[in-house]
Amino acid sequence: IMSGKLEVETHMADLESVEAQLQFSRDDYRMLTNKIQHCTRERSRLETVIRGLKGAAARIKNWQVDADI
């Protein structure tokens, strides 16, 4: 009778462990999803900055060429 009780307790401990791992995995997944979204927005922002800087560089080059004429 005692071995049956111990077996149930072991299964319950295993279930608690698996449920805790599941919750940790869900939390990690949520955190990574948020990080991906943040990085995607940051990448888009930087692409806009790069386009602006390329445009500024092109305008400066054109002014330099015009000034040399």
Side-chain angles (χ1 to χ4, degrees):
I1 296 176
M2 289 301 283
S3 67
K5 182 178 179 183
L6 181 60
E7 188 174 317
V8 168
E9 288 175 359
T10 301
H11 287 305
M12 289 304 292
D14 289 345
L15 176 60
E16 289 174 7
S17 174
V18 168
E19 287 176 340
Q21 290 175 5
L22 177 60
Q23 188 59 47
F24 291 142
S25 294
R26 285 178 175 156
D27 292 344
D28 287 348
Y29 182 88
R30 191 175 308 110
M31 184 173 49
L32 286 172
T33 298
N34 290 336
K35 188 171 185 173
I36 289 168
Q37 290 170 348
H38 168 76
C39 289
T40 300
R41 286 189 304 268
E42 182 64 9
R43 181 178 181 208
S44 178
R45 185 190 71 78
L46 288 172
E47 286 172 344
T48 301
V49 168
I50 289 169
R51 278 193 303 273
L53 291 171
K54 283 182 176 181
R59 286 189 300 278
I60 291 169
K61 287 178 185 177
N62 286 337
W63 292 333
Q64 288 174 346
V65 168
D66 290 345
D68 288 342
I69 294 178

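- To the nearest 0.5 Å, atoms CZ (R59) and CG (N62) are separated by 9.5 Å.
- From L46, atom CG reaches atom CZ of R51 across 11.0 Å, with rounding to the nearest 0.5 Å.
- With sequence neighbours left out, the side-chain hydrogen bond (donor to acceptor under 3.5 Å, both in side chains) criterion links R41 to no other residue.
- Among Q37, M31, R30, the single residue meeting the side-chain contact (heavy atoms from CB on, under 4.5 Å) criterion with T33 is Q37.
- Going from atom CZ of R43 over to atom CD1 of I50 covers 9.5 Å, rounded to the nearest 0.5 Å.
- Between the CD atom in E42 and the OG1 atom in T40 there is a gap of 10.5 Å [rounded to 0.5 Å].
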